[in-house]
Structures are given as structure tokens and as C-alpha cells.
Amino acid sequence: LGDIVPGWVFRTLCTLALGTIWLRLGQQVWHRLRQRQRPWFLFWNYALPVLVAIPTLASLSDDVVPVDQRFLAAAATGAVLACIYRLIYLKNKNMRKKIVAGNWKMNTLPAEGVELAENIRADRNQVCSCVNFIVCPPFTHLGGVIEALRGSDIEVGAQYYGETSATLNKKMAQAFANGLQPIYCVGENLEEREADRHFDVVKTQIEEVIYNLTPAQFARTVIAYEPVWAIGTGKTATAEQAQEIHAYIRTILREKFGAAADETPILYGGSCKPSNAPELFAKEDVDGGLIGGAALKAADFLAIGKGFPQK
């Protein structure tokens, strides 16, 4: 190609191509990482190639190395590192986030909520750091619970109810505009389940809201399947039923967002407790739980986090 285009043009094109691969693969891995892993990933995947490749190239030459060659060396090194990260991800069948989110509804008084949060924080180290814990207290508790958990890796969420697809589209837009990560809940009631309409109901709930997201917004979204007939009733979908509809949800998401759907955590939200969490979490498409009553006892909530298969 040296006879067709100048060397610096060829090197620039190579740098752009390798840089695109570098950034694209890095973005795919980024969404799979826990919050505490991301600073290290930024260093190893982005800072290291720049800090090492360019000086190393300069030291190997007695002449001044052109700027375009330095950028090419950094992009090539970064692309190789990104490929390695991607291969590590592909080797692991499921690197989606493991999430246990507690939905307190309107339970506890403010002081009780703070005490519950403090108890969860005190024993959080008994559960693998690979599990992401979230607590969603009543609105009146948010300030106190946030302060109780400040400096920990336990995240705090807020609750909403009474939504329609129209209001949910507006709320999702506001959530993203303010840097929040939504947990979008879908699910059928008992009548719809018995009429064998649960697939249609869930599909409609996803198409009317989630399909309106941009790819970047979708990458920040968590889905929760809540069979309404199993909430607070003591009834629980079998692990096989949960897997069936979770897999279906992922298929619907894949039709719109492609491979990104394989990175989206899908939580089970129907009477999950310490006794059935291991069986549910062993299923390929069940990435955690949206917990109700069991989230009101610190010991039970944390015990659910121990239900993930040990790798």
C-alpha cells in the first residue's frame, strides 16, 4: 500500500480501525463489570497501553518516533488487551451481574429502616463481593438509609407504583436523565397465567417501554420478572417456570437489542427466600432476585445472596 497512499495515512487508518475495536470490545466488557472492578479495568485496558506501549516503542528506536506510530502502537496494544478481556468473558458462560435487591414496600418505620440497613451492612462481608446488593426502602426512609450505607457497596433504590406504559416511559426518561439505573418490572396476574397469556402480557410490557430505549439506555437497565400471583401469597413459580419465562424475556430483548440482551440481568421477583434461592439462581437466565418479605430481615436477605452457584 506504500505506493498507493502515504505511510502516515495508512498508519492513521490502522490506528482508527484498531482504536474502534479497542473501544468497542472494552465497552462490551465494561457493562459486565461490578462497580469496584471498573477502575482497574480502566487502568489495565486503557491507561496501560498508553503508558507502556508509547515509551517502549520510543526506547526501541534511536530516532524520534513519529506521533502517528506512537498512537498506532497504543491502539494495537489496547486492541490486544481488549480481545483478551473479551475472551475471558466468553470463556465464562454467564458474567452478568448477580443482583439481590430488597423491595421493602411500605414496611418499617424510618428508625427501623436505618437499623435494618445497618444490620445488612454489618454482615455484608459474609457474602461474596461478586453479589450486588440493593435496598429499596419507603420514600420517607431514603435519607437515613443512604447515610447508613454511605461508603459501602450496597446501593439504594426508590420505589414507584401505579404505573402505566405512558407514565413508565416518562419515568424511565427521567431516570436516565438523572443518572439513575432503573429496575423495570414485568409480570402477569393469576388470571392471565391460568389463561396461558403470560408470554403475551410480558412481551407487551417490554415492547411498550423497553423497546423505546436507546442502546446506551438499555445497557443500564435491569429487568425483573414479578409473577403477580406469587407476590406475598407464598406461592412460587418453580425454578423451571422461572427459567422458561426469563429465557423468553431475553429472547424478546434480543430481537430488539441483539447481543446486548445477553448482558442484561433479569431478576426473579416472586417469593424468593433463602430456601429456594439456590435452585432459582442455578438457572441460566435467572440473575438474582427482587426480594419482598425476606428483605426485611438482614440475615435472610444476606442468605439469599449466598444462593448463587459457586464458580
Side-chain angles (χ1 to χ4, degrees), residues 27-38 41 89-90 92-103 127-136 153-159 168 172 175-176 179-187 202 205-206 209-211 213-227 237 239 241-270 272 276-292 294-295 301-302 304-311:
Q27 183 183 40
Q28 292 176 5
V29 175
W30 174 266
H31 293 304
R32 297 297 185 93
L33 300 177
R34 300 187 301 276
Q35 199 68 32
R36 68 180 68 85
Q37 293 175 314
R38 290 179 172 179
F41 175 73
Y89 153 67
L90 288 175
N92 194 323
K93 189 176 182 181
N94 180 356
M95 284 186 63
R96 291 186 292 271
K97 282 185 177 181
K98 301 177 177 65
I99 299 174
V100 176
N103 184 3
V127 184
C128 176
S129 61
C130 61
V131 178
N132 297 263
F133 284 103
I134 305 170
V135 297
C136 302
D153 65 349
I154 303 170
E155 297 177 280
V156 180
Q159 307 173 58
L168 277 169
M172 294 286 276
F176 290 121
L180 302 177
Q181 182 177 24
I183 299 176
Y184 181 76
C185 301
V186 299
V202 167
Q205 292 168 341
I206 290 174
V209 178
I210 299 300
Y211 271 26
L213 303 181
T214 66
Q217 291 172 335
F218 177 69
R220 293 166 51 194
T221 301
V222 174
I223 305 294
Y225 167 65
E226 287 193 301
Q241 287 175 318
Q243 168 58 24
E244 178 186 42
I245 196 154
H246 278 228
Y248 176 75
I249 290 170
R250 201 174 303 284
T251 298
I252 298 302
L253 296 174
R254 196 178 290 118
E255 289 178 0
K256 172 68 174 180
F257 298 101
D262 295 324
E263 304 177 9
T264 302
I266 303 178
L267 313 183
Y268 174 74
C272 182
N276 62 9
E279 183 181 10
L280 287 165
F281 295 172
K283 297 302 181 181
E284 173 60 23
D285 290 291
V286 179
D287 304 308
L290 182 59
I291 316 302
F301 185 57
L302 293 168
I304 290 173
K306 298 177 183 179
F308 290 97
Q310 299 299 312
K311 302 293 185 179

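These figures come from a predicted structure and were not determined experimentally.
Atom-to-atom distance recorded for C272:SG and I304:CD1 is 5.0 Å, nearest 0.5 angstrom. Rounding to the nearest 0.5 Å places NZ of K98 at 7.0 Å from SG of C128. Atom CD1 of I183 and atom SG of C136 lie 5.5 Å apart (nearest 0.5 Å).
Evaluation of the side-chain contact (heavy atoms from CB on, under 4.5 Å) rule for A175 yields L180 as partners, not counting sequence neighbours. L168 pairs by the side-chain contact (heavy atoms from CB on, under 4.5 Å) definition with E163, Y184, V209, not counting sequence neighbours. Y248 is linked by a side-chain contact (heavy atoms from CB on, under 4.5 Å) to F199, K203, I252, counting only residues two or more places apart in sequence or in another chain. For the side-chain contact (heavy atoms from CB on, under 4.5 Å) test, residues two or more places apart in sequence or in another chain that qualify with P182 are M172, F176, T221. Applying the side-chain hydrogen bond (donor to acceptor under 3.5 Å, both in side chains) rule to Q243 yields the partners D285; only residues at least two apart in sequence or on another chain are considered.
Using a 4.5 Å heavy-atom cutoff, the side chains of F218 and I210 are in contact.
Residues A261 and R254 come closest through the heavy atom pair CB-N, 3.5 Å. For the pair I134 and G157, the tightest heavy-atom approach, listed with the atom from each and the gap, is CG2-N, 4.1 Å. F257 and L213 get closest at one heavy-atom pair: CE2-O, 3.7 Å. The shortest heavy-atom contact between P265 and R96 is N-CD, 4.2 Å. Minimum interatomic distance between A242 and L280 (heavy atoms only, all atoms of both residues): CB-CD2, 3.9 Å.
Under a 3.5 Å cut-off, the side chain of E279 and the backbone N or O of N276 do not form any donor-acceptor pair. In terms of modelled atom types and a separation under 3.5 Å, the side chain of N103 and the main chain of L290 share no donor-acceptor contact. A donor-acceptor contact shorter than 3.5 Å links the side chain of Q181 to the backbone of R220.
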Starting from the C-alpha separation in whole Å, work towards a yes-or-no answer on side chain to side chain contact (heavy atoms under 4.5 Å, CB included) for V202 and I245.
-> CA-CA 9 Å; V202 167; I245 196 154; 3.9 Å; yes

V100 and F308: side chain to side chain contact (heavy atoms under 4.5 Å, CB included), yes or no, with the steps?
-> CA-CA 10 Å; V100 176; F308 290 97; 3.8 Å; yes

Begin from the C-alpha positions of V127 and F133 and carry the test side chain to side chain contact (heavy atoms under 4.5 Å, CB included) through to its verdict.
-> CA-CA 10 Å; V127 184; F133 284 103; 3.9 Å; yes

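Outside the 6.0 Å centre-distance limit, the rings of Y268 and F281 are not counted as a close aromatic pair.
None of T264, D262, D287 except one satisfies the side chain to side chain donor-acceptor pair (under 3.5 Å) rule with R250; the exception is D287. Checking each of V186, I249, V286, V222 against I266 for a side chain to side chain contact (heavy atoms under 4.5 Å, CB included) leaves exactly one that passes, namely I249.
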